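Remember, predicted model here, so these are calculated numbers, not experimental data. Note that ligands are numbered from 1 as they come in the structure, with each ligand's atoms numbered from 1 the same way.
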Amino acid sequence: MHALDQADPLAHYRDLFVSSPEVVAYLDGNSLGRPLTASVERVGAFMTEQWGGRLIRGWDEGWMQQAQTIGDDLGRVVLGAAPGQTTIGDSTTVLLYKLVRAALSDRGDRDEIVIDRDNFPTDRYVLEGVAAELGLTLRWIEPGDVTVDRIPLSKKTALVVLSHVAYRSGYLADVAGITAAVHEAGALVLWDLCHSAGVVPTELDAWGVDIAVGCSYKYLNGGPGAPAFAYVAERHHGLRQPIQGWLGSQQPFEMGQGYEPADGIRRFLSGTPPVIGMLPMRDMVALIEAVGLEAVRAKSVALTSYALELVDELPVEVSTPRDAAQRGSHVTIEHPRFAELMPVLWEQGVIPDFRRPSGIRLGLSPLSTSFAELQLGVEAIGALLEH
Ligand SMILES: *Cc1c(COP(=O)(O)O)cnc(C)c1O
């Protein structure tokens, strides 16, 4: 056993995940987290007992409330959010659209929105679409780490959209500091937490965050296509989102004329909640609660620090910050041959992911990644670079 695994108080949690014997090193938990065996049982039991047994009655017995119930758990354990401000549903992309539009529904005469060129494509594309739709100006932050001084804020700024952890470099932004500066300029900020939720602690309420969205299939292990989450601070519950569906309305089962938005977080929902899709994340949230998010973060820092030590032995460029306080839970390395080597690595059971043109991301999911597999994975990359 690797000495670092032996000394790791969290090492045994790895046994709670479904095993994949042919995988030598799974380094892609930042794209798709591994399933917990508890989730296999939970989904199976839901199908036989809940869906199969309760049938349509299930909607009155908890399914309808589930998005808010799980949302509150996520808020408490992962986000630093008091109850009633977090819900689950849609994809991150669709939630981004709905919440960007909601944030802009009360912007006075401000007509600029700000986003960075290094942000995830879907965030940029959604903003381009909204800007065109509403006749707004997009202000771009040029590539590089997003720090307060690089954000073009003015009296025209309505909304700033940023990622907590940059999907490519792994740079960890200062949410509290940037949020305060954006507020100072009289604008709102929407944080994308896809690459931080479940692995980097956040204090959304304490940091004064307005709105946040994030995936549940990365470090929250919700499974492929699992629905996203939305946080909207209570003071913004008067905002209007554009997809006015019956399940976001005041009295869905009155089936009445004319849309009246529900009070509270439920108004940000639209259609029937993805009940089965949001089950697995329950197990991961419960596990994070049992372990403690601070302990998860501590192991994440240990893993990324060890990854940096290992990749420093290779002829690669590192694009992730060396200061642990400025990085999330993945390490990105660059080499011109990575595009060609990726299929070979996957064939060997070494699974990081590749980002064009030349980046390999080593995604380290603290409760399911061991130091031993990280070492095996980096050594496999090193061996291929020698030939
Ligand atoms: C993974 C990711 C997304 C994914 O959006 P989907 O709608 O779930 O496909 C969005 N934003 C960021 C920053 C991501 O890392």
Side-chain angles (χ1 to χ4, degrees), residues 27-34 67 74 78-79 86-101 103 113-130 140-141 143-146 159-173 175 178 189-200 202 204 209 211-231 241 243 268-271 273-274 277-278 280-281 284 300 319-320 327-332 352-356 359-365:
L27 305 174
D28 216 354
N30 61 323
S31 274
L32 181 67
R34 294 175 54 175
L74 191 66
V78 168
L79 302 177
T86 309
T87 189
I88 317 280
D90 305 317
S91 62
T92 307
T93 303
V94 171
L95 279 183
L96 264 168
Y97 175 75
K98 286 161 67 170
L99 295 180
V100 164
R101 284 288 310 267
I113 42 185
V114 177
I115 191 168
D116 58 309
R117 290 266 178 211
D118 277 349
N119 212 325
F120 193 82
T122 219
D123 303 58
R124 290 182 276 115
Y125 301 163
V126 164
L127 253 67
E128 286 171 354
V130 170
W140 292 97
I141 301 167
D145 300 342
V146 177
L159 176 69
V160 178
V161 175
L162 298 171
S163 282
H164 187 194
V165 171
Y167 81 102
R168 223 170 207 297
S169 69
Y171 176 76
L172 176 64
V175 175
I178 291 174
V189 59
L190 186 158
W191 285 99
D192 186 327
L193 308 180
C194 279
H195 267 85
S196 63
V199 75
V200 180
T202 52
L204 299 186
V209 167
I211 298 172
V213 297
C215 303
S216 69
Y217 52 80
K218 292 171 180 170
Y219 298 105
L220 292 172
N221 304 57
F229 65 85
Y231 163 90
Q241 60 102 345
I243 317 250
F268 299 100
L269 295 180
S270 300
M278 67 178 89
M281 79 177 87
M284 192 59 183
S300 162
S319 39
T320 298
R327 67 173 187 261
S329 203
H330 66 274
V331 167
T332 304
D353 78 6
F354 176 69
R355 285 292 173 262
R356 283 189 184 289
I360 275 184
R361 294 189 308 180
L362 309 169
L364 309 169
S365 193

Quick test: of every protein heavy atom, which one is nearest to [atom], and how far off is it to 0.1 Å?
| atom | value |
| --- | --- |
| atom 3 (C) of ligand 1 | Phe120 CE2, 3.5 Å |
| atom 5 (O) of ligand 1 | Thr92 CB, 3.5 Å |
| atom 8 (O) of ligand 1 | Tyr217 OH, 2.7 Å |
| atom 7 (O) of ligand 1 | Thr93 OG1, 2.5 Å |
| atom 15 (O) of ligand 1 | Lys218 NZ, 2.6 Å |

Could you walk me through whether Val213 and Leu190 pass side-chain contact (heavy atoms from CB on, under 4.5 Å), step by step?
-> CA-CA 8 Å; Val213 297; Leu190 186 158; 4.1 Å; yes
Any heavy atom of Val94 under 4.0 Å from ligand 1? The part involved is neither
Between Asp192 and ligand 1, find which residue part has any heavy-atom pair under 4.0 Å and reply side chain, backbone, both or neither.
-> side chain
If only atom types and distance count, is the side chain of [X] paired as donor or acceptor with the main-chain N or O of [Y] below 3.5 Å?
| X | Y | answer |
| --- | --- | --- |
| Ser169 | Thr320 | no |
| His330 | Gly29 | no |
| Arg101 | Val130 | no |

Any donor-acceptor N or O pair under 3.5 Å, side chains Thr122, Thr93 = yes
Between Ser216 and Met284, is any pair of side-chain heavy atoms under 4.5 Å apart?
-> no
Pro224 vs Leu32 side-chain heavy atoms within contact, under 4.5 Å = yes
Given side-chain contact (heavy atoms from CB on, under 4.5 Å), test Phe229 with Met281 step by step and report yes or no.
-> CA-CA 11 Å; Phe229 65 85; Met281 79 177 87; over 6 Å; no
Please determine if His195 has a nitrogen or oxygen closer than 3.5 Å to a nitrogen or oxygen of ligand 1.
-> yes
For ligand 1, is there an N or O atom under 3.5 Å from any N or O atom of Tyr167?
-> no
For [X], atoms of ligand 1 separated by under 4.0 Å from a heavy atom:
| X | answer |
| --- | --- |
| Thr122 | 10 (C) |
| Cys215 | 1 (C), 2 (C), 3 (C), 4 (C) |
| Cys194 | 2 (C), 3 (C), 10 (C), 11 (N), 12 (C), 13 (C), 14 (C), 15 (O) |
| Ser163 | 13 (C) |
| Ser91 | 7 (O) |

Measuring from Asp118:CG to Asp123:CG, what's the distance to the nearest 0.5 Å?
-> 12.0 Å
Roughly how far, to the nearest 0.5 Å, is the CG atom of Leu162 from the CD1 atom of Ile115?
-> 7.5 Å
Is there a heavy atom in Ala228 that sits closer than 4.0 Å to ligand 1?
-> no
